[in-house]
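What follows is one structure encoded as structure tokens, with my remarks underneath.
The residues of the chain are indexed from 1 along the displayed sequence. Heavy-atom basis, side chains included; hydrogens, waters and symmetry copies ignored.
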Amino acid sequence: MLTRIFIFFIFCEALHSCASFSPLLKKKSWDNKVLTVETLSLFNQKIPTMENYKSSWEGDWLLRRKRLALLDKLLANNLPNIIFFQEMLYKNATDSDAAILESSSLAYYKSFPVSIKEDPETDEEEFSSIYVRLEDLPPDAIKATKKVWKLEDSSYLIFQKLIVNRKPLYLFNVNIPYENKDPEKFFVFLRNKIEESIMAQEDCLNHIIVAGYFGSEKLQDLNLMMRFLGLIDTASGFCSEGQMCDTQNPSNPIFNSSSLENKFIRTDRIFVHKSTRIENAGITYSEHTPSLSSFKAKYQLHSIAPSLRYGWQTKIKFARCSKKL
């Protein structure tokens with residue numbers, strides 16, 4: 001259905017989109033600053049372990065802390081300017097993703113957390129959060145407003161409008177659950193809310209980042225929808241044959257020990273406006289560390305990755321501000 005809806009748009013885009021931005025691109029009038037942008041689900045450990053294993057890792061904070069310890073080291077090396085997190089957990093002042101990471105690698109970041117839901121079985125609260133760190137700009141200099149949309153199946157879209165050096169930056173954090181039965185409906189919802197949010201703004205309408213987990217179904221419809229909004233997948237041109245770009249990946253020991261079907265899919269994505277210069281893109285947080293003997297016995301985990309899926313990273317330069325989407 002979405003394919004039919006966007007056929008006319010794609011035809012028009014082929015005729016006009018390059019012309020719309022050709023003066024901008026010829027002048028190469030992008031910002032000098034390269035921004036490193038990442039997205040990573042921290043995995044709430046609600047996906048069961050593989051079939052025939054009786055032990056559940058749900059609520060296992062020893063495993064979670066081991067994962068976060070590895071992530072903390074990798075974050076300190078990557079030092080992203082903007083990172084989108086999904087499935088952050090809080091149990092108490094000690095067992096808290098935010099508290100653990102903010103005591104070290106994320107100590108000098110400005111955070112924008114949003115509570116998503118509570119789990120009475122594990123007494124945990126789940127969050128979505130965006131962390132921002134920009135050179136020569138203290139965290140309290142970044143101001144933000146937000147809008148939150150949640151669907152009944154635990155899908156959500158969070159819009160954060162940041163004011164950075166008196167210029168707006170529009171960030172959308174996306175999460176669609178594994179059990180979603182109607183991804184097409186979610187994509188239409190996503191398109192409408194992004195368009196509605198951006199068209200209500202006045203300047204820098206091309207300074208947009210949409211990031212998160214988009215599921216594994218109807219991804220062609222997702223790309224068509226994003227093109228309708230003037231957005232492009234940062235993976236374009238960076239995932240040629242032989243490059244590992246699948247964030248959902250059987251090489252990940254946690255994914256491999258889960259009950260999910262073993263297949264390669266790039267489910268975690270970052271979209272930016274088509275005027276943006278993409279310097280590089282690829283998976284990140286794919287490193288492993290040795291496991292504990294107890295994890296080997298309980299979960300058949302012989303090594304540990306930071307999360308259930310690998311993250312996605314891109315390096316970008318924004319074009320000069322535009323009042324058109």
Between [X] and [Y], which heavy-atom pair has the shortest distance, and what is it?
| X | Y | answer |
| --- | --- | --- |
| R133 | Y108 | CG-O, 3.9 Å |
| L79 | A76 | CG-O, 3.4 Å |
| S115 | E125 | OG-OE2, 2.5 Å |
| D72 | S105 | OD1-OG, 2.5 Å |
| F187 | K218 | CE1-O, 3.2 Å |
| S128 | N173 | OG-ND2, 2.9 Å |

Working to the nearest 0.5 angstrom, can you tell me the gap between [X] [atom1] and [Y] [atom2]?
| X | Y | atom1 | atom2 | value |
| --- | --- | --- | --- | --- |
| Q300 | S258 | CD | OG | 12.0 Å |
| N192 | M225 | CG | CE | 9.5 Å |
| E287 | K73 | CD | NZ | 11.5 Å |
| T276 | I208 | OG1 | CD1 | 8.0 Å |
| L101 | S96 | CG | OG | 8.5 Å |
| E121 | D119 | CD | CG | 5.5 Å |

Would you call [X]-[Y] a salt bridge at under 4.0 Å N-O?
| X | Y | result |
| --- | --- | --- |
| K298 | D60 | yes |
| K263 | D246 | no |
| R269 | D233 | yes |
| D268 | R309 | yes |

Tell me whether [Y] is reachable from [X] by hopping between hydrophobic residues (I, L, V, M, F, W, Y) whose side-chain heavy atoms are closer than 4.5 Å.
| X | Y | result |
| --- | --- | --- |
| L229 | W149 | yes |
| L308 | M88 | no |
| L292 | L301 | yes |
| L63 | L260 | yes |
| F127 | Y213 | no |

Residues I158, I116; criterion side chain to side chain contact (heavy atoms under 4.5 Å, CB included); working and verdict: CA-CA 10 Å; I158 297 168; I116 300 300; 3.9 Å; yes
Working for side-chain hydrogen bond (donor to acceptor under 3.5 Å, both in side chains), residues S251 and Y310: CA-CA 10 Å; S251 70; Y310 299 142; 3.0 Å; yes
Return all side-chain donor-acceptor pairs below 3.5 angstrom for residues 197-205, not counting sequence neighbours, or 'none' if the list is empty.
residue	atom	partner	partner atom	Å
S197	OG	K193	O	2.7
Q201	OE1	K161	NZ	2.9
Q201	NE2	S197	O	2.9

Measure the shortest side-chain to side-chain distance between [X] and [Y] over non-hydrogen atoms and say whether it is less than 4.5 angstrom.
| X | Y | answer |
| --- | --- | --- |
| L162 | I130 | no |
| P290 | S303 | no |
| N262 | N256 | yes |
| E195 | F228 | yes |
| I254 | W57 | yes |
| N223 | D221 | no |
| E38 | Y285 | yes |
| I83 | L75 | yes |

Do side-chain atoms of [X] reach the backbone of [Y] as a donor and acceptor pair under 3.5 angstrom?
| X | Y | answer |
| --- | --- | --- |
| D97 | L89 | yes |
| S103 | I100 | yes |
| R277 | D31 | no |
| S56 | E58 | yes |
| S257 | P253 | yes |

Worked verdict on E102 versus Y131 for side-chain hydrogen bond (donor to acceptor under 3.5 Å, both in side chains): CA-CA 10 Å; E102 288 173 14; Y131 283 77; 2.6 Å; yes
The single option from K117, K46, K91 passing salt bridge (charged side-chain N to carboxylate O under 4.0 Å, His left out) against E124: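 Of K117, K46, K91, salt bridge (charged side-chain N to carboxylate O under 4.0 Å, His left out) with E124 is met by K46 alone.
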Aromatic ring proximity W312/F84, centre distance under 6.0 Å: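 Between F84 and W312, which both carry aromatic rings, the centre distance is not below 6.0 Å.
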Sub-6.0 Å ring centroid separation between F214 and F271: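 Yes, close enough.
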Derivation and outcome, side-chain hydrogen bond (donor to acceptor under 3.5 Å, both in side chains), residues S291 and K296: CA-CA 7 Å; S291 184; K296 295 176 185 178; over 6 Å; no
Any donor-acceptor N or O pair under 3.5 Å, side chains E87, S307: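 Not at all, the side chains of E87 and S307 share no donor-acceptor pair under 3.5 Å.
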Chi angles and distances behind the side chain to side chain contact (heavy atoms under 4.5 Å, CB included) call for I270, I209: CA-CA 7 Å; I270 298 175; I209 303 174; 3.8 Å; yes
Stacked cation flag R65 on W61, 6.0 angstrom / 45 deg: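 No.
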Within 6.0 angstrom of K33 NZ, more than 12 heavy atoms from elsewhere: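 Yes, NZ of K33 has more than 12 neighbouring heavy atoms, counting only those of other groups under 6.0 Å.
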Neighbour count above 12 (heavy atom, 6.0 Å) for K150 NZ: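 Counting other residues, nucleotides and ligands, NZ of K150 exceeds 12 neighbours.
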Parallel, tilted or perpendicular: rings of [Y] and [X] (30°, 60°):
| X | Y | result |
| --- | --- | --- |
| F172 | F159 | parallel |
| F295 | Y299 | parallel |
| F318 | H207 | parallel |

Trace of the side-chain hydrogen bond (donor to acceptor under 3.5 Å, both in side chains) decision for T267 with T247: CA-CA 6 Å; T267 55; T247 55; 3.2 Å; yes
Matching residue for P306 among L42, L71, T289, T284 - test: side-chain contact (heavy atoms from CB on, under 4.5 Å):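 Single pass found, and it is L71.
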Worked verdict on I82 versus L169 for side chain to side chain contact (heavy atoms under 4.5 Å, CB included): CA-CA 11 Å; I82 303 171; L169 174 60; 3.9 Å; yes
Residues L190, M226; criterion side chain to side chain contact (heavy atoms under 4.5 Å, CB included); working and verdict: CA-CA 9 Å; L190 199 64; M226 289 301 184; 4.1 Å; yes
